[in-house]
Amino acid sequence: MIGKALRRKAPRTGVDWFLTVMRVAALTVVAVGLLAFIAQEIDTNNPFARWANPDATGLTRAQFQGLIVSGVAQGAMYGLIALGYSMVYGVLGFINFAHGEVFMVGAMTGMITSTKLADAGMWESNFIGSLVLIVFVSVIVCALTAVIMERVAYRPLRGSPRLIPLITSIGVSFFLQNVSLVLLGPAAKAYPDVPDWVKSKHTFLEIEGAKILVIVVAAASMVCLWYVVERTKSGKAMRAVAEDAEIAALMGINVNRTIVKVFALGGAMAGMAGILWGILFRSVVHTTGFLPGIKAFSAAVVGGIGHLGGAMTGGLSIGVAESVGPLLILEPLGVSGVSQLRDAVAFAVLIGVLLLRPNGLFGERLPSEDRT
Amino acid sequence: MTATLPPTSSPQLEAPLAAPRPALAHDWRRIARMGSIAAFAQVFIALSNMPVALDGRTMVKPVLSLGYLVLLILPFAAGYRQGHQTKLEGVTQHAAGPNEVVGGLACGMIAGGGLSLLAVLLANFDLRDPLVNWSPILLDTLTFGNAPWFAVVIWLAIGAGAGASGGVLRLLGPRSRRATVTMVLAVIGAAVLESLMVDLADGLRLEALTDRLYAKRGGVTWPGALVLAAVSGGLAVVGRGRFRTARARLANLEGAKRSRANAGLILAAAAVLIVLPLFAGKLTNELLANVGLFVLLALGLNVVVGLAGILDLGYVAFFAVGSYSAAVLTAATSPKISPEMPWLVALIVVVVITGLVGLFIGAPVIRMRGDYLAIVTLGFGEIIRLLFQSDWLSGWFGGAQGITLIPGANIFGLTEVSGTDPRRVFYLVLAFCALAIYVSWRLERSRLGRAWMAVREDETVAEAMGINTVNVKLLAFVVGAILGSFSGAIFAAKVGSVFPSSFLILVSIVILVVVIFGGMGNIVGVIAGSAVLIGVLGGPKQPGLLAEFSEFKLLIYGALLVWMMLARPEGLIPSVRRTRELHQVEMAQDAWLRGQVDGEDGGGGDPQPTVQP
């Protein structure tokens, strides 16, 4: 590494020095924060911990565990959304900014269906059955939304400069968000009450049922998606189109249909994530999709865009980082009101990863023309 | 040169691919498709509550309100559009005839049928639970207060009428079509600009005119609309050729004459903008000041996006930093430090701070790929807002409570510019806009500006030409940041308080829409874009002329952004270079076809642009 850096031919410019300083500063902040945290965990009156934050309290084991678990549960959700970003980027080479809104559409559909089911009394009597039903409806609605989006907004723009579809997708995102606002109103809407076993903590590791549910469902969907992409014929077509659309077309693959399938699959995953969001937080507004969308994109980048496993890993890392990061690093440094900064931490993780390792943890798989 | 020509004789180009269609043939599938899309959109518009919310705004007294106008546009557009034929080389177009009207009628009828269906559903089912606007009021609006069956008939009829008139428009010759469109637009424009016109007329003592034109409680009067239509139609017929030749003459001028003509135009525009506010009332000046602020922001973003091609989605960060630093430096109430500087002195510090923030944000992102850069700048924009909002820094910036009681801007002790007198704010904004226009105009034609454009079009080639792409892009970032900080500082002085909620990401997006709508990279386009969009629809929090649109403007901005990207990515008033870049393939094909014709004539002297793979 060091030898490689020394042998670099290009002269180091001011920007390089600045970036190095920033990298070092970022790593120092993280390291000092972590050390202070460890110090105060060992002994609250440790002078180092006192110096960093005079009123540090540290975390109990249960608190820490709780943070990790909610981080993992949210991360699994981010991972599910990230799959859509990752697959579309892998095939078409642009960021589908509106994917977060597809997730919001899923959460909204789930809200509407579950309220109707609760009115009919089925939600209480057969929770698992109605859950399957709302997942089914929401997955279909989201897949349709994604497919229509592709047909109307993105297909006419194939082959245009790469920022054009990105700007379009920002418009689509804005539009979908406001469609939900004008049709369903600005108030936050609640999911119906869930059964006790979902709400209460279980003896097993003291985890809430909802979080276990989220993690299990996310893992199951991940496995299904992996099977579709790696083991079926359509999946093979998707991988071929991601590799090189032109050659794939020459080999007799219907590229348009394959791209539609990619959008449908991504949308389905987002719909699944939307339901999980509803079960976990039980409340949804028209702006619900924005932040999780951005974070899921960060997750896709962190894991290396174009990688299915990477998207999930990235999602888990972002989820855990934003959950424990503020308390682990910022609180020991004496920053007050850290929970307000969790979104800032998620963005900082994105920026940090792009600064330190722009290809993500596992390297990216991009369409051939985008490789450098 | 001829070596790059493709084979010269291709049989497809000589024989027409399709025979002309008989006069009454219809592409029914196309009509059905367009009609159903329009019907779907109509139902959406109705369920979004637009007809009800906009009903209060009368356009033509007493027949047409904005709410119903919104419902008329789509059947009309579908009726017009269904007869559209893509011009293809070698394909003969079928002649316009009665088929246009019949097709338009069918198309509009399907579109209107959507609303008929909706009215029946509204009367018989209750879907109020998820759809908040599913209400008797909406039904009342759709039925005009009658029974549901009336809505079925009337909307089919209205749709058919609007669609058929769309078809008729196709039958008209170019001159009468232009005259018709001008007439309709003149009436709608007069209705939209009502408050502005009335206000100006008050100042200019021309109340007699506007009293005739506008009804007492809003809307253009019947006779007024007729006179206006007649006058504008007449002007369109008479002045058609003149306007065009005048523009062509201006475009053909060269050298000193050209710059003299430009200077004359700029002076005239400046004179109008300086004199106009003197006669305008408070509300109009407030509107002008808001528009000016967004022009300033858009000009700043134009340097970053339009000239250097860096898609900065976190531009609001610089606006926020400019506002907050101006607030901290000038306000006595700022929590931590309050130097209480005079505004102009503070401005210098603000520029330095924002420039540094621009460097700080720019340096890490500048090497990233364009799309990653967009997301990361968006992240920075959010981080900066979250920091201003956080309790951690509330000791400095007041957290969610923000900083209040910011004094106005004191200009050399001559005047005090604050929100209470929007006219002064407008003049201040105008001065800074002039500065921003001058700076970006000079920059565009400088070595740096050419370097930016080279980087925008192809970074690798630019680097090979010896441009230090990193420094050049960083400079674009910093210049954009400084221009953004101007409007931030003025905003702080104007509003008198800054809150984190004024700097949401959607501000960035709105500025982006404005820049793209107007025409990226073109100063005139960007100004026109902000004037039209912010002036008519309004900014993220500022009302425009159509204040009734406040709930829907973000929806419209989103749809507009998508539509612009699909239909006209170069914007309303495009920059020449940008257009060439976006339509490279088409232009290459056109050049190729021209080369074909020239080749047959034996000329073939046109230099061939290389066709991009």
Side-chain angles (χ1 to χ4, degrees), chain A residues 13-15 18-19 22 89 94-95 97 108 111-112 115-116 119 152-153 156-157 159-168 170-179 181-185 187 290-291 294 297-298 301 330 335-338 340-341 343-344 346-348 350-351 354-355 358 370, chain B residues 44 47-50 129-133 309 311 313 359-360 363-372 374-376 378-380 382-383 386-387 389-392 394 399 468 470-471 474 505-506 509 512-513 516 551-552 554-566 569 581-582 585:
Chain A
T13 60
V15 175
F18 179 75
L19 284 186
M22 271 179 72
Y89 202 102
F94 80 94
I95 302 169
F97 200 81
M108 281 289 179
M111 185 274 299
I112 294 169
T115 335
K116 292 287 168 213
D119 289 348
V152 174
L157 292 173
S160 45
R162 70 187 302 145
L163 285 185
I164 301 276
L166 174 60
I167 296 175
T168 314
I170 294 170
V172 174
S173 157
F174 224 55
F175 181 71
L176 281 179
Q177 203 174 344
N178 283 288
V179 165
L181 171 69
V182 294
L183 288 187
L184 304 173
F290 178 70
L291 277 178
I294 305 273
F297 172 73
S298 319
V301 174
L330 295 181
V335 177
S336 54
V338 285
Q340 296 167 326
L341 291 175
D343 296 335
F347 288 124
L350 169 70
I351 296 165
L354 284 174
L355 264 184
D370 292 325
Chain B
F44 166 70
L47 284 178
S48 74
N49 210 27
M50 256 189 238
D129 187 6
L131 300 169
V132 283
N133 300 316
L311 185 57
L313 294 183
L359 265 182
F360 188 81
V365 305
I366 221 71
R367 293 233 176 97
M368 291 173 186
R369 279 205 301 260
D371 41 2
Y372 280 17
I375 302 288
V376 170
L378 186 136
F380 269 120
E382 268 301 271
I383 288 184
L386 287 167
L387 287 181
Q389 198 172 9
S390 68
D391 286 349
W392 176 40
S394 64
N468 185 339
V470 171
N471 286 0
L474 210 51
I505 280 299
L506 77 91
I509 311 271
L512 182 71
V513 179
I516 286 175
E551 299 165 55
F552 311 107
L554 296 179
L555 181 80
I556 295 170
Y557 279 138
L560 195 65
L561 189 55
V562 178
W563 187 73
M564 284 309 283
M565 282 290 120
L566 292 175
E581 189 186 339
L582 285 165
V585 180

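Throughout, a chain's letter reflects where its sequence line sits, starting with A, and its residues are numbered from 1. Nothing here was measured: the structure is a model prediction, and the numbers come from that model.
Taking A/L157 as the reference, A/S160, A/I164, A/T168, B/L566 meet the side chain to side chain contact (heavy atoms under 4.5 Å, CB included) condition, with sequence neighbours excluded.
Annotation: side chain of B/M565 is not in contact with side chain of B/V562 (no heavy-atom distance under 4.5 Å). Residues B/L387 and B/W392 have side chains in contact (heavy-atom distance under 4.5 Å, counting atoms from C-beta outward). Taking 4.5 Å as the limit, every side-chain heavy atom of A/F290 sits out of range of all side-chain heavy atoms of A/F174. In this structure the side chain of B/L378 reaches within 4.5 angstrom of the side chain of A/F97, judged on heavy atoms. Residues B/F360 and A/F18 are in side-chain contact: their nearest non-hydrogen atoms beyond the backbone lie under 4.5 Å apart. By the 4.5 Å heavy-atom criterion applied to side chains, B/F44 and A/V182 are counted as neighbours. With contacts defined as side-chain heavy-atom distances shorter than 4.5 Å, the pair B/D129/A/K116 qualifies.
Contacts between B/L313 and chain A at a heavy-atom distance below 4.5 Å involve the side chain alone, from C-beta outward. For a residue to count as touching a neighbouring chain, one of its non-hydrogen atoms must lie under 4.5 Å from one of that chain's; by this rule B/N471 touches chain A with the side chain only. With a threshold of 4.5 angstrom between heavy atoms, A/L19 approaches chain B through side-chain atoms but not through N, CA, C or O. Only the side chain of B/I509 comes within less than 4.5 Å of a heavy atom of chain A; its backbone N, CA, C and O stay farther away. Looking at B/P130, both its backbone and its side chain come within 4.5 Å of chain A, counting heavy atoms on both sides. With a 4.5 angstrom heavy-atom cutoff, B/I556 does not touch chain A via any of its atoms. Interface remark: B/A374 contributes side-chain atoms only to the contact with chain A (heavy atom separation under 4.5 Å). Only the side chain of B/V470 comes within less than 4.5 Å of a heavy atom in chain A; its backbone stays farther off. Neither the backbone nor the side chain of B/N49 comes within less than 4.5 Å of any heavy atom of chain A. Contact annotation for A/I112: only side-chain heavy atoms (C-beta onward) come within less than 4.5 Å of a heavy atom of chain B. Contacts between A/L166 and chain B at a heavy-atom distance below 4.5 Å involve the side chain alone, from C-beta outward.
Taking chain A as the reference chain and counting heavy-atom pairs below 4.5 Å, the highest number among B/S390, B/P364, B/A559 is found for B/P364. Highest contact tally toward chain B, considering only A/G185, A/G171, A/P165, is held by A/G171 [criterion: heavy-atom pairs under 4.5 Å]. By number of non-hydrogen pairs under 4.5 angstrom with chain B, the leading residue of A/L184, A/T115, A/D119 is A/L184. Counting heavy-atom pairs under 4.5 Å between each of B/S48, B/P569, B/G399 and chain A puts B/S48 at the top. In terms of heavy-atom pairs under 4.5 angstrom with chain A, the leader among B/Q389, B/M368, B/M50 is B/M368. Of all the listed residues (A/A153, A/P156, A/P161), the one sharing the greatest number of non-hydrogen pairs under 4.5 Å with chain B is A/A153. Between chain B and the options A/L350, A/V152, A/L163, A/L181, heavy-atom pairs under 4.5 Å are most frequent for A/L163.
Note: B/L474 CG to B/I366 CD1 = 5.5 Å, rounded to the nearest 0.5 Å. To the nearest 0.5 angstrom, B/L311 atom CG is 5.0 Å from A/I167 atom CD1.
Taking each heavy atom of A/I95 and B/Y372 in turn, the nearest pair found is CD1-N, 4.3 Å.
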